[in-house]
There are 2 protein chains.
Amino acid sequence: MPKAPASNHPACTEAARFAAVPPGAPPDPSVCPVRDVLDRIGQKWPLLILIALEPAPLRFSNVQRAVGDISKRMLTQTLRDLERDGMLTRRVYPTKPPSVEYALTALGRSALDPIAALAAWADLHHDTIRAARQQFDAA
Amino acid sequence: MPKAPASNHPACTEAARFAAVPPGAPPDPSVCPVRDVLDRIGQKWPLLILIALEPAPLRFSNVQRAVGDISKRMLTQTLRDLERDGMLTRRVYPTKPPSVEYALTALGRSALDPIAALAAWADLHHDTIRAARQQFDAA
DNA sequence: AGTTATAGTCTCGGATGTAGACCGCAGTTG
DNA sequence: CAACTGCGGTCTACATCCGAGACTATAACT
């Protein structure tokens with residue numbers, strides 16, 4: 001088997017787009033939207049950062065404190081990625097210890113609707129999951 | 001600063017639980033529900049597997065084909081994790097080439113509501129995000 | 001003078017993930 | 001008969017990722 005093109009995934013409602021691409025056309029590496037976007041926000045750090053910024057914009061250190069256990073390295077990188085995707089803005093204030101404020105954009109804020117639903121689900125089913133784990137581990 | 005306990009995260013509605021723990025009590029490593037659950041389903045493979053199983057139960061190889069570019073190793077491990085969390089069931093049929101069927105549980109199915117919302121959001125805003133990326137990369 | 005706070009960058013080592021070989025077994029194909 | 005395929009994994013080797021911690025410069029505070 002020649003290995004799937006890594007894109008014809010059932011959740012991708014635009015899968016037909018790929019079937020319609022004439023052979024020989026540019027490969028269009030931005031696979032199906034679900035994959036492309038989930039590769040970003042379907043991870044814990046971006047999710048947690050967006051959640052942390054929901055009540056109010058925060059500066060770098062405050063984001064780190066809010067998330068808790070993210071390394072500076074990951075924080076920097078994830079903030080850059082989110083900025084690149086238009087989910088948040090980065091504004092530098094030329095104060096003496098320079099301060100940088102990260103704020104959600106409208107797009108980032110709109111992402112919080114499904115994310116909040118996910119968080120609510122997590123909160124609601126946490127006990128069930130913990131029970132399932134205990135039962136599984138017992139066997 | 002002695003580093004945050006990695007749990008008092010604004011989205012955690014049960015943060016008070018930790019403040020209420022008497023000092024010296026067992027550390028209870030299962031931090032806030034949001035963190036605990038997001039560490040699992042806030043990753044791309046579990047998400048994509050749950051989405052793949054939504055229309056119908058699938059066997060191992062079919063899950064791999066549906067997801068597209070997951071390695072067997074990761075697939076095995078992620079399926080085990082999801083089984084442990086009670087999100088899906090694993091049933092072995094003693095056919096000659098043995099077949100193993102993975103099916104969502106009620107819990108797993110319930111997780112698909114917020115996940116589908118996330119996928120719908122991804123689909124809807126994909127073009128906006130791609131545009132933001134192009135603009136960012138131009139600078 | 002030394003400490004603190006700011007927002008990062010850099011490097012190192014360990015954890016994590018991927019690719020691919022391999023297994024035993026049965027049906028299919030040459 | 002003999003080779004190959006598909007099944008559900010496991011195992012090994014390699015690559016990549018990620019966290020911990022050191023380091024930067026500047027200015028205020030002790």
Side-chain angles (χ1 to χ4, degrees), chain A residues 1-7 9 29 31 35 38-49 52-53 57-84 88-103, chain B residues 1-7 9 29 31 35 38-49 52-53 56-84 88-103 136:
Chain A
M1 188 174 58
K3 178 187 291 187
S7 61
H9 161 313
V31 290
R35 288 300 289 269
L38 252 54
D39 279 0
R40 286 294 156 90
I41 67 173
Q43 282 173 0
K44 66 180 212 174
W45 295 132
L47 240 54
L48 292 171
I49 288 174
L53 289 178
L58 293 176
R59 287 173 316 172
F60 187 85
S61 306
N62 292 123
V63 177
Q64 189 173 25
R65 271 188 283 273
V67 172
D69 56 349
I70 188 174
S71 67
K72 287 182 170 188
R73 179 177 159 74
M74 251 293 100
L75 182 58
T76 301
Q77 181 182 316
T78 308
L79 285 170
R80 290 273 191 282
D81 286 346
L82 290 173
E83 184 193 2
R84 187 170 101 102
L88 51 81
T89 59
R90 175 178 184 273
R91 204 162 14 177
V92 181
Y93 295 96
T95 55
K96 295 323 165 325
S99 65
V100 180
E101 191 183 67
Y102 293 92
Chain B
M1 188 176 55
K3 177 188 291 188
S7 61
H9 160 314
V31 291
R35 290 300 288 268
L38 253 54
D39 279 0
R40 286 294 156 90
I41 67 172
Q43 283 172 0
K44 67 179 209 176
W45 295 131
L47 239 55
L48 292 172
I49 288 174
L53 289 178
L58 292 177
R59 287 172 316 171
F60 186 86
S61 306
N62 291 124
V63 177
Q64 189 173 23
R65 270 188 284 272
V67 172
D69 57 349
I70 188 173
S71 65
K72 286 183 171 188
R73 179 179 160 75
M74 250 293 99
L75 181 58
T76 302
Q77 181 183 317
T78 308
L79 285 171
R80 290 273 192 281
D81 286 345
L82 290 173
E83 184 192 3
R84 187 171 101 102
L88 51 81
T89 59
R90 175 178 185 274
R91 204 162 16 177
V92 181
Y93 294 96
T95 55
K96 296 327 164 330
S99 64
V100 179
E101 192 183 66
Y102 294 91
F136 185 91

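Here is how names work: the chains are called A, B, and so on, in the same order as the sequence lines, proteins then strands, and each is numbered from 1.
- Rounded to whole Å, atom P of dG8(C) lies 14 Å from atom CG of L58(A).
- Residue L75(B) contributes atom CG, which lies 16 Å from atom P of dC11(D) at whole-angstrom precision.
- The two atoms that bring R35(B) and L48(A) nearest to each other are NE-CD1, 3.4 Å, heavy atoms only.
- Using a 4.0 Å heavy-atom criterion, one finds that R59(A) contacts the sugar-phosphate atoms exclusively.
- When the nucleotides dG9(D), dT6(C), dT11(C) are ranked by their closest atom to the side chain of S99(A), dT6(C) comes out on top.
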Does the pair L82(B) and R40(B) meet the rule for a side chain to side chain contact (heavy atoms under 4.5 Å, CB included), with working shown? CA-CA 8 Å; L82(B) 290 173; R40(B) 286 294 156 90; over 6 Å; no
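- One can place CZ of F60(A) at 10 Å from C1' of dT6(C), the figure rounded to the nearest angstrom.
- The nucleotide whose nearest atom lies closest to any side-chain atom of R65(A) is, among dA7(C), dC7(D), dT6(C), dT6(C).
- Checked by atom type and distance alone, the side chain of Q64(B) never pairs as donor or acceptor with a backbone atom of F60(B) at under 3.5 Å.
- Closest to the side chain of V100(A), from the set dG6(D), dA7(C), dG19(D), is dA7(C).
- A pairwise comparison of heavy atoms in L79(B) and L88(B) identifies O-CD1, 3.8 Å as the closest pair.
- Summarising the geometry, the separation between CD1 on I70(A) and P on dC17(D) is reported as 16 Å, rounded to the nearest angstrom.
- The side chain of S71(B) lies closest to dT18(C) when the candidates are dA20(D), dT18(C), dG8(D).
- Candidate nucleotides dT6(C), dT18(C), dT10(D) were compared by shortest atom distance to the side chain of W45(B), and dT18(C) ranks first.
- Rounded to whole Å, the distance from CD on Q64(A) to C1' on dT9(C) is 14 Å.
- Y102(B) comes within 4.0 angstrom of sugar-phosphate atoms only, judged by non-hydrogen atoms across all strands, and of no base.
- Toward the 5' end of DNA chain C, the nearer of the two residues K96(A) and P98(B), judged by each one's closest nucleotide, is K96(A).
- Mapped onto DNA chain D by nearest heavy atom, M74(A) and P97(A) fall at different nucleotides, with M74(A) at the one closer to the 5' end.
- Considering all non-hydrogen atoms of both residues, L53(B) and Y102(B) come closest at CD2-O, 3.6 Å.
- Here dT16(D) presents its P atom at 15 Å from NZ of K44(B), a figure rounded to the nearest Å.
- Of the listed nucleotides (dA5(C), dA7(C), dG8(D)), dA7(C) has the atom at the smallest distance from the side chain of S61(A).
- Among the nucleotides dT10(D), dG8(C), dG8(D), the one closest to the side chain of T76(A) is dG8(C).
- Separating the OH atom of Y93(B) from the P atom of dG9(D) is a distance of 14 Å, rounded to the nearest angstrom.
- Pairing each heavy atom of A52(A) with each of V67(A), the nearest pair is CB-CG2, 4.4 Å.
- Taking only side-chain atoms of R90(B), from C-beta outward, the nucleotide of dG17(C), dG9(D), dC10(C) with the closest atom is dG9(D).
- Put simply, R80(A) has a side-chain N or O that comes within less than 4.0 Å of OP1 or OP2 on dT9(C).
- Atom CZ in R73(A) sits roughly 9 Å away from atom P in dC17(D) (whole-Å rounding).
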